Amino acid sequence: VYLIPVWVMCLTTLVGCKRAVDWATSNFDQSESSELPISTVKPYIKSVVVHSQLSTRGIFDAIWLSDAVRTASTDVLIARSGKSLEQHHALLRRQLEENKHYIMFYVLTEYDVPLGDGAQWQIFLKIGDQTYQPRELKVAELPCEYKAFFGKRFGKTKTAYLAKFDAQDSNEKPL
């Protein structure tokens, strides 16, 4: 019995692979690769790990829904859904208008580290020496665009919260 070396078998079977790949790409629609605007969004994402002696007490990731972030998310959403330019402008206009009234964040925590009233962890906004309580803090379904922006920070064990703060103080002065 004559045994053919394994490397000869591999070489002879892999020779035709390029043709099969070329055939597949020419006969099946290929998706267009679209780059996420990560460099635009990255400055607006912050992460904090809180330790108590040798144990981790909490891992928190937040993204500020600034004008730049909302523009990037709208661009990704429109590109993914195939909506028209007019729909893009209308959605972006609504998003930016909301920023005139509210300062908003998506905050990720581990599922067993809740935020808000009655929880061990509270959230507030500190600007200078002033602190502001959220107008609204609720568990939210994180849109796909923001899951992509968070990247590896987002996972199945994370809970997303939407924190909404007023954009003006009690004297109607912008924060």
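All values reported here derive from a predicted model rather than from experimental measurement. Numbering of residues begins at 1 and proceeds along the displayed sequence.
Residues Y106 and W64 keep their aromatic ring centres 6.0 Å or farther apart.
When all heavy atoms are compared, the tightest approach of K158 to R153 is CE-O, 3.2 Å. Scanning all heavy atoms of the two residues, the minimum distance from S84 to I78 falls at O-CG2, 4.5 Å. W121 approaches V50 most closely through the heavy-atom pair CH2-CG1, 3.7 Å. Residue Y161 comes nearest to T159 through the heavy atom pair CE1-CG2, 3.7 Å, listed as atom of the first residue, atom of the second, then distance. Residues A148 and I38 approach most closely at O-CD1, 4.1 Å, considering heavy atoms. The minimum heavy-atom distance between P114 and A119, with the atom names listed, is O-CB, 3.6 Å.
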Next on the checklist: Please evaluate residues F60 and V113 with respect to the criterion side chain to side chain contact (heavy atoms under 4.5 Å, CB included), reporting the C-alpha separation (whole Å), side-chain torsions for both, the decisive distance (0.1 Å), and the verdict.
Outcome noted: CA-CA 9 Å; F60 304 95; V113 182; 3.9 Å; yes
Next on the checklist: Apply side chain to side chain contact (heavy atoms under 4.5 Å, CB included) to residues E98 and M104 and explain how you reach the verdict.
Outcome noted: CA-CA 9 Å; E98 190 172 24; M104 298 169 61; 3.8 Å; yes
Next on the checklist: Run F154 and K152 through side chain to side chain contact (heavy atoms under 4.5 Å, CB included) and show every step you take.
Outcome noted: CA-CA 5 Å; F154 180 77; K152 293 180 182 178; over 6 Å; no
Checklist entry - What do the steps show when you test E97 against K100 for salt bridge (Lys or Arg N to Asp or Glu O under 4.0 Å), and what is the final call? => result CA-CA 5 Å; E97 183 63 32; K100 292 179 183 177; 3.5 Å; yes
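Between I63 and F150, the closest side-chain pair of non-hydrogen atoms falls below 4.5 Å. The closest side-chain heavy-atom distance from I123 to L137 is below 4.5 Å. Here the side chains of R135 and Y102 are in contact, with some heavy-atom distance below 4.5 Å. Residues T71 and L96 meet the side-chain proximity criterion, which asks for heavy atoms closer than 4.5 Å.
Checking side-chain atoms of Q122 against main-chain N and O of G116 turns up a donor-acceptor pair under 3.5 Å. Of the possible polar contacts, one joining the N99 side chain to the L65 backbone as a donor-acceptor pair under 3.5 Å is found.
If you check the side chains of T74 and Q95, you find no donor sitting under 3.5 Å from an acceptor. No side-chain donor from either of H101 and D166 sits under 3.5 Å from a side-chain acceptor of the other. Residues Y146 and S73 have side chains that bring a donor and an acceptor to within less than 3.5 angstrom of each other.
In this structure, the separation between CG on D61 and CD1 on I45 is 8.5 Å, given to the nearest 0.5 Å. With rounding to the nearest 0.5 angstrom, the OG1 atom of T157 is 4.0 Å from the CD atom of E110. Here Q133 contributes atom CD and F165 contributes atom CZ; the two are 7.5 Å apart, rounded to the nearest 0.5 Å. Here the OG-CD1 distance, from S66 to I103, works out to 11.0 Å after rounding to the nearest 0.5 Å.
Within a 6.0 Å radius of CG in D117, no more than 12 heavy atoms belonging to other residues, nucleotides or ligands are found. Within 6.0 Å of atom CZ in F124, 12 or fewer heavy atoms from other residues, nucleotides or ligands are found, so the atom counts as exposed in its surroundings.
Both L162 and L115 sit in one connected hydrophobic cluster of ILVMFWY residues. Membership requires side-chain heavy atoms under 4.5 Å apart, directly or through other members. Neither V41 nor L92 shares a network with the other; the hydrophobic side chains, linked directly or stepwise wherever heavy atoms of I, L, V, M, F, W or Y lie under 4.5 Å apart, form separate groups for each. Transitive grouping of hydrophobic side chains (ILVMFWY, heavy atoms separated by less than 4.5 Å) brings Y44 and L142 into a common cluster.
Applying the salt bridge (charged side-chain N to carboxylate O under 4.0 Å, His left out) criterion to R80, with sequence neighbours excluded, gives E145.
Residue I59 is found in a hydrophobic cluster whose other members, listed by chain and number, are V49; membership requires side-chain heavy atoms under 4.5 Å apart, directly or through intermediates.
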